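Below is one structure, written out as structure tokens; the observations come after it.
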Number of protein chains: 2
Amino acid sequence: MAISERKKKILAAVVEEYIRTAEPVGSKAIAQTAGLGCSSATIRNELAELVNMGYLEQPHTSAGRVPTPMGYRMYVNELMQMQKLSLEETEEINQRLNTKLQELDDTISQVSRLASQLTDYPALALTAQSAVTIKRFDIIYVDANTFIIVAMMSNNTVKNKLVRLPVSVNEGLMKKLSALFNANFTGISEDQITPLLINSTERAADDTMGITSVIASFAIEILSEADKPMAFVTGENRLLNQPEYRDPDKAHRLMSYLSTGGHILPPADNMAGSEEVRVLIGPENVAEELKDSSVVIASYDAGDNTRGLIGVVGPTRMDYSAVAAKLSFLAAGLSRRLGGGEAPVEGMHNKLIIKGDDPIEHR
Amino acid sequence: MAISERKKKILAAVVEEYIRTAEPVGSKAIAQTAGLGCSSATIRNELAELVNMGYLEQPHTSAGRVPTPMGYRMYVNELMQMQKLSLEETEEINQRLNTKLQELDDTISQVSRLASQLTDYPALALTAQSAVTIKRFDIIYVDANTFIIVAMMSNNTVKNKLVRLPVSVNEGLMKKLSALFNANFTGISEDQITPLLINSTERAADDTMGITSVIASFAIEILSEADKPMAFVTGENRLLNQPEYRDPDKAHRLMSYLSTGGHILPPADNMAGSEEVRVLIGPENVAEELKDSSVVIASYDAGDNTRGLIGVVGPTRMDYSAVAAKLSFLAAGLSRRLGGGEAPVEGMHNKLIIKGDDPIEHR
DNA sequence: TATTAGCACTCGAAATGAAAGAGTGCCAAC
DNA sequence: GTTGGCACTCTTTCATTTCGAGTGCTAATA
């Protein structure tokens with residue numbers, strides 16, 4: 001059975017009212033608020049049919065109606081209009097994004113925090129997963145027992161490690177190793193660093209002290225680290241604002257699920273190229289723990305043809321419209337800053353003193 | 001009035017039973033469990049006096065007794081015996097500490113997580129606050145528009161920054177700047193980097209492109225960052241396991257207070273030199289939000305004569321003995337690894353493949 | 001055929017009240 | 001100083017009642 005225009009209006013009214021109040025919505029309330037000129041009795045008939053069709057349900061016989069996941073889905077797909085952000089909101093987001101231009105990892109955890117603050121739901125952010133390689137090695141000789149390995153990655157981030165040795169080495173060996181690593185270890189992936197490669201490098205450098213393998217370990221470590229996307233979850237406690245999580249056990253279950261990570265979001269490549277915001281409603285989620293929650297996800301361009309994700313978790317009675325608008329804007333802003341695969345250009349006009357934010361890394 | 005031996009035993013029994021069950025403790029229960037050979041009636045008399053003395057209170061006339069903050073204080077100071085950790089527990093902690101030997105920031109956030117897991121309370125960790133200076137600058141010339149600044153700090157951490165310029169520079173200038181920065185910017189504090197110093201360096205280097213000020217900005221940035229202690233809070237959600245936080249509003253209040261940071265712990269220098277675990281019970285806390293919670297804090301030697309903190313937050317009915325033992329052990333283990341002011345020595349026996357943990361940075 | 005007014009009915013939420021039970025305080029006896 | 005005994009207090013629990021919101025259905029109406 002096709003759904004009539006009026007039914008749509010009524011469904012939208014129920015969803016919106018329910019999102020607002022978290023109470024089952026009765027026929028009377030709709031007759032008054034939704035501006036269709038008919039009485040509550042008519043609405044009742046329509047409501048009964050919407051229940052039959054599976055869009056609504058009743059907690060019990062004499063109660064108002066509540067949207068089913070299918071009802072929310074219909075709302076999100078056809079009925080909802082994406083909320084426009086006010087000028088103040090866009091300004092605020094932009095400004096806060098601008099103050100967070102730091103190292104990528106940090107940026108993205110800040111963005112997660114920002115998303116959570118803006119929406120008042122728990123939020124999470126995933127860094128892009130990309131085939132990073134090392135572009136260039138430098139070894140800084142500090143003293144006979146100490147050197148620093150600096151590796152510049154293909155995504156223009158830089159990693160370093162201070163190494164202290166129980167034995168002394170000479171600068172010549174370091175120079176040799178530096179050249180060899182730049183020749184043999186750049187542009188390759190983690191699994192191309194084979195014991196064979198390491199051994200031959202060791203021999204070529206006349207390294208009898210195992211330094212080659214220390215450097216190789218470092219290479220493997222940073223490559224494997226860069227491979228995996230990182231997840232940041234923030235604001236789990238905001239769940240407690242929602243009436244559906246007033247039961248501490250329920251809240252705790254979801255919160256601890258959240259805090260264990262980023263399995264929550266589907267792999268980023270699912271979202272490749274999609275500028276849209278994606279909504280997963282209740283049972284549409286794969287994870288058992290999320291079956292009665294909803295997730296809203298936006299993806300951002302992290303440069304290098306990779307995409308990262310920002311998501312928000314809440315009850316199915318989530319304010320989809322507002323959340324989608326905010327996430328979408330946030331993701332777009334982030335894309336603008338990270339996209340293009342290049343590190344931000346350091347302008348000459350930099351303020352001399354770049355103040356960081358509060359150093360709080362709450363987890 | 002001095003407190004008799006028997007009263008002490010009874011008080012201890014009440015506290016321990018209450019910690020265990022979270023229910024007011026009656027005279028009968030004590031007569032049975034605590035092995036003093038007297039009847040419940042005698043205990044009742046003693047209990048009444050303990051109430052008078054302020055160590056216990058009754059939620060209402062016909063209920064059992066509950067310790068007051070003063071009662072807990074007495075318990076912690078005189079009655080409690082520090083719980084010994086089992087061999088398995090110490091092994092587990094040691095092992096998990098060993099797998100976390102990474103960059104300092106990361107280590108300490110991992111330690112916070114570990115503390116929370118071990119105790120099942122929210123935990124927080126503060127890095128040491130110390131007068132860090134830059135020990136050595138290196139500038140890696142990548143190409144005409146790109147260079148990497150590498151700064152080695154006095155605490156043997158290394159910071160880097162990739163700089164991309166809209167104009168091109170030559171390697172000679174970089175060399176000059178590198179030498180100048182090593183001569184003039186090492187061993188000094190943030191506020192000694194004056195515009196005057198920057199200007200004179202700029203002139204000495206014949207730098208007409210403002211690169212000096214970019215590097216100086218970086219120096220200021222990392223110095224001011226290193227100055228501030230960083231706080232990591234983890235496992236806020238474990239609060240929900242505690243019956244005293246079953247009220248979602250109460251839980252939410254405390255959780256959001258926690259997640260905003262590290263004001264919770266007193267400055268680390270308060271604890272300087274103290275190997276002991278410190279306990280703050282209910283109203284002893286300064287922050288209004290903590291007035292009916294307790295905090296247990298241990299300090300660790302972060303090297304360089306500085307100390308960082310690990311703390312745990314819970315209801316006043318916290319298992320002080322167990323928590324104190326665990327934190328103390330954890331702090332000692334951490335001290336062993338960080339203490340002495342030197343970065344860990346990279347052994348030659350390193351496994352080739354150093355696997356990181358799960359990349360989850362939940363927050 | 002679609003809409004509406006009216007009304008009996010259902011079911012949860014809140015209010016009321018009675019009963020049960022844990023624990024006390026105190027007294028008198030030891 | 002200790003103990004058994006007992007009346008008393010106060011919460012917790014459970015059943016019962018009341019109240020009201022909202023429904024479904026019917027019959028009247030446009």
Side-chain angles (χ1 to χ4, degrees), chain A residues 1-11 13-15 17-18 20-68 71 243-244 246-247, chain B residues 1-11 13-15 17-18 20-68 71 243-244 246-247:
Chain A
M1 180 203 325
I3 185 168
S4 75
E5 227 21 68
R6 190 170 66 183
K7 280 203 182 57
K8 285 188 182 176
K9 275 196 182 158
I10 293 178
L11 178 54
V14 173
V15 172
E17 184 69 5
Y18 185 63
R20 209 172 58 78
T21 63
E23 300 285 330
V25 185
S27 54
K28 215 167 175 180
I30 297 177
Q32 283 163 5
T33 61
L36 359 115
C38 58
S39 77
S40 68
T42 312
I43 308 272
R44 271 204 291 285
N45 290 330
E46 297 281 60
L47 286 177
E49 286 186 57
L50 283 166
V51 169
N52 273 336
M53 298 163 80
Y55 295 113
L56 296 177
E57 63 188 355
Q58 293 179 279
H60 50 86
T61 342
S62 71
R65 305 311 208 281
V66 164
T68 59
E244 25 276 282
R246 294 201 69 80
D247 171 15
Chain B
M1 182 198 329
I3 185 167
S4 74
E5 233 13 76
R6 190 171 65 186
K7 280 202 182 60
K8 286 187 182 176
K9 275 196 182 158
I10 294 178
L11 178 54
V14 173
V15 172
E17 184 71 3
Y18 185 63
R20 208 172 57 78
T21 64
E23 300 284 331
V25 184
S27 53
K28 217 168 177 178
I30 297 177
Q32 284 162 5
T33 61
L36 356 119
C38 58
S39 77
S40 68
T42 313
I43 307 272
R44 273 204 291 283
N45 291 330
E46 296 281 57
L47 285 177
E49 286 186 58
L50 283 167
V51 170
N52 274 335
M53 298 163 79
Y55 294 113
L56 297 176
E57 63 188 355
Q58 294 178 280
H60 51 86
T61 343
S62 69
R65 305 310 208 281
V66 165
T68 60
E244 23 277 280
R246 293 203 70 79
D247 171 17

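Keep in mind that this is a model prediction, so the values were computed, not measured. Quick note on labels: first sequence line is chain A, next is B, and so on, each numbered from 1.
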Partner residues of B:Ser62 under the side-chain contact (heavy atoms from CB on, under 4.5 Å) criterion, sequence neighbours left out:
B:His60
Among B:Val66, B:Leu11, B:Val15, which one satisfies side-chain contact (heavy atoms from CB on, under 4.5 Å) with B:Leu56?
B:Leu11
Test side chain to side chain donor-acceptor pair (under 3.5 Å) applied to A:Lys8 - qualifying residues, sequence neighbours left out:
A:Glu78
List in chain and number order the residues that pass side chain to side chain donor-acceptor pair (under 3.5 Å) with B:Glu244, two or more places apart in sequence or in another chain; answer none if no residue qualifies.
B:Arg317
Looking at residues at least two apart in the chain, or sitting in another chain, which of them share a side chain to side chain donor-acceptor pair (under 3.5 Å) with B:Lys9?
none
Using a heavy-atom cut-off of 4.0 Å to chain A, what are the terminal contacting nucleotides of DNA chain D, in 5' to 3' order?
D:dA21 to D:dG24
Expected rows: protein N/O vs nucleotides 23-27 of chain C N/O, under 3.5 Å:
{"residue": "C:dT24", "atom": "OP1", "partner": "B:Ser27", "partner atom": "N", "Å": "3.3"}
{"residue": "C:dT24", "atom": "OP1", "partner": "B:Arg65", "partner atom": "NH1", "Å": "3.1"}
{"residue": "C:dT24", "atom": "OP2", "partner": "B:Ser27", "partner atom": "N", "Å": "3.3"}
{"residue": "C:dT24", "atom": "OP2", "partner": "B:Ser27", "partner atom": "OG", "Å": "2.7"}
{"residue": "C:dT24", "atom": "O5'", "partner": "B:Arg65", "partner atom": "NH1", "Å": "3.4"}
{"residue": "C:dG25", "atom": "OP1", "partner": "B:Arg65", "partner atom": "NH2", "Å": "3.2"}
{"residue": "C:dG25", "atom": "OP2", "partner": "B:Arg65", "partner atom": "NH2", "Å": "3.2"}
{"residue": "C:dG25", "atom": "N7", "partner": "B:Arg44", "partner atom": "NE", "Å": "3.2"}
{"residue": "C:dG25", "atom": "O6", "partner": "B:Arg44", "partner atom": "NH2", "Å": "3.2"}

Once side-chain contact (heavy atoms from CB on, under 4.5 Å) is applied, do any residues pair with B:Thr33, and if so which ones, sequence neighbours excluded?
none
Write down the distance between NZ (A:Lys7) and P (C:dA2), rounded to a whole number of angstrom.
10 Å
For B:Ala48, the side-chain contact (heavy atoms from CB on, under 4.5 Å) test, sequence neighbours excluded, returns B:Arg65
Residue list, side-chain contact (heavy atoms from CB on, under 4.5 Å) with A:Asn45, at least two apart or on another chain
none
